[in-house]
Amino acid sequence: LFCAGVGTDADTPLGFTVQIFTAGSLVRALGNALATEKLLKSDELDEETEDGAPVGIFALPIGHNVVRCIHTNLLGATKEVHMILNNTATGNDDDSREETGSNDSLLPALTYLAGEHPLLTPLPAAPDDGFLDSRSTRHKRLPHLLRDLEYIIETPGTAIRLLLPGQYPVHPALSTNSRDAELLTFGTVWARLLRTAQGMDPQKRKISGGHVEYEQNRWLEAFGLSLNFAGTRDALAESPTNSSSAAIAPVSADGSHLVDIHQAMGNLFASLLKEIKLWLYREGMLETGLPIPPGGAHGGFDLLQMEALQRSTLHVSTAAGSGQNAVALACATGVKMTEAQLELIESALRIEGAQPQEKILSSLSDVSMGTEQEPVVTAPAMNDWLRVPHSPLAGDSLSFHLPLHRALAKSVISLCSVVVPDKVRNSNPRDWWKLPVIDDDYSDASALAPGLGNQHPLTALIRPTLRSSNCRVVWTSGPDCTPMEAQQRRARAKTVSANIACAKIIHSIADHPIRCLAAAQQIERHLWARNGSSTAGMALNYSTSPLCRSFRDLDLTLVQLSASGLNIGLGARRVFGLLISRFSMDGYLCDPERRAQGHASSPTGGGYVSGNGGWVNPPRLQDPDHAAALSESFFATMCVLVSELPPPPPTSPSDDSAVRACIRRELLHALAAEPKSHSEAMEAATIAASRRDENGGLTGSSSGSGVLGDVFAEVLGVIGKQRNQGSSRAASGPP
């Protein structure tokens with residue numbers, strides 16, 4: 001009702017409950033269903049119905065309830081749901097009394113059926129972005145709900161309780177039930193909520209034709225919704241790691257505070273990675289059964305654009321397959337292969353999986369002999385097999401809105417800023433820096449696929465999300481087989497399917513942020529001029545401070561994480577090749593070739609031959625219209641990637657070196673552009689401050705009180721010069 005326009009800003013669900021319940025009981029009910037039910041029960045004797053049966057009360061935790069309220073309002077405002085309501089008798093108030101029954105079979109897609117449970121059945125993802133045109137978004141109703149959710153998460157100790165369902169069960173009565181299904185954790189419902197905005201408002205570069213005549217303002221609604229999600233996302237990522245508010249896990253010298261924090265953030269990582277897999281495979285969406293008209297059902301968010309966001313092919317070379325023919329399989333939302341191709345992929349996995357295993361064993365033997373080496377960096381399987389063609393400059397579709405990816409980036413940054421004492425670093429030099437889930441070892445995953453060598457750690461996490469449609473195998477002997485053979489077939493297909501899914505997730509972690517970086521750079525250099533001024537506004541919001549903290553900076557973090565290699569990354573070589581491809585620099589970095597006239601190139605010269613001949617430019621340089629702009633954008637992005645690196649974790653709560661470096665960088669950039677007053681300089685410096693830093697004392701006030709205020713004053717005294725009384729403003733600025 002609130003999202004439909006009923007009530008004022010003071011009547012948000014959380015504000016309404018605060019007026020009824022006491023603060024202490026409300027905090028207990030934020031993440032516990034039984035505490036919520038206790039609030040709803042009468043203090044008198046238990047009520048009974050007319051037949052004498054006791055009145056049962058079931059309620060969700062308040063945190064889950066607010067998430068579901070936001071999700072259902074977004075989902076109900078999609079075009080697909082409107083089509084259902086317009087094509088069913090029950091959806092029409094005038095015909096509700098008549099029993100036509102023509103299309104009422106579509107309505108169960110919007111309601112819970114027998115056997116479904118709010119804590120066991122996740123809400124479906126939005127099939128389109130029609131909610132950007134709804135009154136909930138346009139009339140600023142959803143921001144109030146997201147602010148309520150942010151308030152819930154920032155309540156001391158609540159965030160870490162929400163992310164530790166094992167220690168703090170959502171519903172203890174259902175947790176001890178013998179039902180096979182697991183309860184939905186807060187991380188799961190939160191990731192599914194972020195999924196609704198993943199890839200919304202897609203854009204395509206207009207290559208030919210005239211300039212756009214009518215520009216829509218949907219992009220403003222999309223960026224506004226992303227920023228509202230960003231505030232809640234940052235609160236969830238930073239609250240568990242905030243030592244000033246995490247009473248459950250205070251900072252300790254022996255590092256015991258890291259146990260609960262790593263477990264909580266690991267649960268959040270797992271939920272985000274699983275949802276990214278479902279998004280890449282277009283699974284978990286609202287399925288209504290309505291026929292898809294030609295050209296797509298959802299206008300600008302049609303199926304063709306989504307396939308352009310996610311299309312991919314799998315290539316297995318003959319060298320890896322021991323002389324068999326190479327295969328190229330389409331694997332956008334699933335893959336279909338023959339049994340021979342399955343054997344080829346299994347053989348290639350076996351060969352590639354054995355190589356990292358040998359490196360790990362040799363490293364462990366060196367450690368046992370007392371010799372120290374650098375930590376082993378193992379490359380993920382199938383990283384050189386996946387091909388994902390995409391070029392923003394050529395008109396492929398992309399979206400500036402990737403809340404799942406950026407939530408993962410923000411969570412990684414927050415966890416890497418947790419205090420790690422010197423005692424922990426010295427006692428465990430090889431593992432203290434590892435992130436949960438992301439840097440897990442290979443043992444658990446390899447046990448699920450015996451005989452295929454070393455499996456990627458993410459396969460164990462992704463296997464529960466796999467469907468039979470993800471990998472279909474045409475068996476040579478036909479579908480008839482014994483039960484034991486059927487079980488072996490399912491295991492083989494599931495193992496290959498899990499490896500393909502992991503390869504797609506790892507590729508997406510770097511690929512989709514790079515697409516946004518490349519498109520923003522091209523827009524800033526007027527290569528998208530035919531799209532109108534709206535794209536310029538997108539690039540401005542994406543790349544300009546302070547909004548860039550919620551968009552571009554997190555994309556850069558994911559690219560840096562992927563370039564570092566380890567388990568979750570592609571490695572520096574593959575990320576560099578991906579950057580060249582997405583910035584359309586494939587032919588621009590090649591030297592001209594000198595070819596002889598009248599005969600072929602030398603087989604040993606790579607196209608260069610002796611004798612008289614002309615210099616021939618590479619194919620892409622034959623049309624050098626955009627060569628200068630693309631080269632400038634590519635190298636500018638590369639400079640930022642290798643220079644703006646995240647700081648290392650602090651060694652103690654008083655270690656302010658990372659904050660000092662961030663404040664120095666932001667303040668130096670601001671003063672180098674133009675002179676600023678003291679308050680303006682402090683406002684520029686607060687851009688580098690997170691919630692954890694702001695709790696330390698710097699809140700953006702002109703007084704500069706607190707620990708960070710002292711740091712700002714010290715940095716300002718080093719890099720700035722205060723003007724004398726009565727002098728002109730031009731005399732101030734950096735020395």
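Values below: every heavy atom of this structure, side chains too, minus hydrogens, waters and symmetry copies.
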Residues R573, D384; criterion salt bridge (charged side-chain N to carboxylate O under 4.0 Å, His left out); working and verdict: CA-CA 11 Å; R573 175 179 62 84; D384 289 321; 3.6 Å; yes
Minimum side-chain heavy-atom gap I514-S581 below 4.5 Å: no
V437 and P457, any side-chain heavy atoms less than 4.5 Å apart: no
S562 side-chain N/O to V559 backbone N/O, donor-acceptor pair under 3.5 Å: no
Backbone of R192 reached by a side-chain donor or acceptor of T196 within 3.5 Å: no
Beyond-backbone contact of R233 with L554, side-chain heavy atoms, under 4.5 angstrom: yes
Close side-chain approach of D129 to P202, heavy-atom, < 4.5 Å: yes
Heavy-atom side-chain contact between I500 and L329 under 4.5 Å: no
side-chain contact (heavy atoms from CB on, under 4.5 Å), paired with T185, selected from V189, L183, T188: T188
I438 vs V412 side-chain heavy atoms within contact, under 4.5 Å: yes
Pairwise distance CD(Q487) to CZ(R489) - rounded to 0.5 angstrom: 13.0 Å
Nearest-0.5 Å distance that lies between atom CZ in R195 and atom NZ in K274: 14.5 Å
pair R492-E343: side-chain heavy atoms closer than 4.5 Å: yes
Under 3.5 Å donor-acceptor, N499 side chain and V496 backbone: no
Check: L344 main-chain N/O paired with S347 side-chain donor or acceptor under 3.5 Å: no
Under 3.5 Å donor-acceptor, R582 side chain and H390 backbone: yes
From L123 atom CG to I70 atom CD1, the distance as rounded to the nearest 0.5 Å: 12.0 Å
Side chain K336, main chain S469, donor-acceptor under 3.5 Å: no
N/O donor-acceptor pair under 3.5 Å between H71 side chain and A125 backbone: no
E339 atom CD, over 12 foreign heavy atoms within 6.0 Å: yes
Any donor-acceptor pair under 3.5 Å from D128 side chain to K79 backbone: yes
Donor-acceptor under 3.5 Å (S411 side chain, A407 main chain): yes
Contact check, side chains of N267 and F186, non-hydrogen atoms, under 4.5 Å: no
K504 side chain vs S312 backbone, donor-acceptor pair below 3.5 Å: no
